[in-house]
Amino acid sequence: MDNATASTDLPDSLVILKAALEARKLIVRWDRLTPQHIEAIEAAIALHGDERLVHAAQQAYRADRPAAFAQAWVGVWQSLPGPGTRLRVVQPRCETHGQPLKHCGCDVTPLTEEKHA
């Protein structure tokens with residue numbers, strides 16, 4: 001089977017995650033997972049828990065190109081920030097001056113046209 005794992009050979013933690021995903025109608029094939037995929041998914045489960053992974057898979061869902069295999073979500077799950085990680089809002093910067101746009105005079109748009117009624 002090309003170094004892949006049959007879905008009946010999944011570790012218990014992946015069986016639980018698979019059931020949680022299927023309960024949310026996120027049904028994919030699990031029979032092409034490599035040992036590396038399984039290791040990555042188990043690490044993500046240990047770090048984030050099943051519900052966080054299910055939520056991330058739901059957010060990654062695209063109706064025009066739904067995932068067909070479980071490994072489609074591995075990258076999404078690995079890119080999740082760790083628990084307790086605070087996220088920063090990235091402010092757009094002025095290309096000319098390099099400072100945040102909200103503090104740059106370049107952000108001021110002159111009024112050159114009057115509004116017509």
Side-chain angles (χ1 to χ4, degrees):
M1 222 200 298
D2 287 352
N3 203 20
T5 302
S7 60
T8 57
D9 297 335
L10 293 174
D12 290 343
S13 59
L14 271 69
V15 171
I16 293 167
L17 176 62
K18 178 178 183 263
L21 289 161
E22 288 176 353
R24 303 287 192 333
K25 306 294 187 227
L26 296 170
I27 299 170
V28 294
R29 290 181 57 182
W30 293 76
D31 61 336
R32 297 287 184 213
L33 292 176
T34 65
Q36 293 80 17
H37 291 135
I38 292 171
E39 183 179 320
I41 295 170
E42 286 183 314
I45 292 168
L47 183 61
H48 301 289
D50 294 331
E51 283 305 310
R52 180 70 182 108
L53 300 188
V54 170
H55 179 73
Q58 287 176 308
Q59 296 299 312
Y61 176 77
R62 292 185 50 186
D64 60 334
R65 288 180 37 197
F69 296 93
Q71 57 266 37
W73 294 316
V74 171
V76 171
W77 293 333
Q78 288 178 325
S79 69
L80 291 171
T85 302
R86 297 186 65 164
L87 302 180
R88 294 184 310 148
V89 174
V90 178
Q91 298 292 329
R93 300 187 83 69
C94 173
E95 292 179 15
T96 304
H97 302 106
Q99 60 187 3
L101 277 178
K102 69 180 183 177
H103 299 299
C104 185
C106 290
D107 191 33
V108 177
T109 306
L111 297 175
T112 58
E113 296 180 16
E114 291 181 17
K115 291 185 179 180
H116 299 284

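Keep in mind it's a predicted model, so treat the numbers as computed, not measured.
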Given the rule that I, L, V, M, F, W and Y join up when any side-chain heavy atoms are under 4.5 Å apart, are W30 and V15 in one cluster?
yes
Heavy-atom closest pair, residues S13 and D50
O-OD1, 4.5 Å
With a 4.5 Å cut-off on side-chain heavy atoms, are L10 and L17 touching?
no
Taking every heavy atom of L33 against every heavy atom of A70, the minimum-distance pair comes out as CD2-CB, 4.1 Å
Of all residues at least two apart in sequence or in a different chain, which pass the side chain to side chain donor-acceptor pair (under 3.5 Å) check with E22?
K18
With sequence neighbours left out, what residues match R24 under side chain to side chain donor-acceptor pair (under 3.5 Å)?
E51
As an exercise, state the distance from NZ of K25 to CD of Q58, rounded to the nearest 0.5 Å.
12.0 Å
Can you name the residues that form a salt bridge (Lys or Arg N to Asp or Glu O under 4.0 Å) with R29, not counting sequence neighbours?
D31
Show the numbers, then the answer: is there a side-chain contact (heavy atoms from CB on, under 4.5 Å) between L53 and L21?
CA-CA 9 Å; L53 300 188; L21 289 161; over 6 Å; no
Partners passing side chain to side chain donor-acceptor pair (under 3.5 Å) against H37 (at least two apart in sequence or in another chain):
T34
Here the gap from Q78 atom CD to I41 atom CD1, rounded to the nearest 0.5 Å, amounts to 9.0 Å
Give every residue pair that meets the ring pair (Phe, Tyr, Trp, His ring centres under 6.0 Å) criterion with at least one member in residues 49-76, sequence neighbours excluded.
W73-W77
Residues two or more places apart in sequence or in another chain: which of them pass side chain to side chain donor-acceptor pair (under 3.5 Å) with R65?
none
Identify the two heavy atoms, one from A60 and one from V76, that lie closest to each other, and give their separation to 0.1 Å.
CB-CG2, 4.0 Å
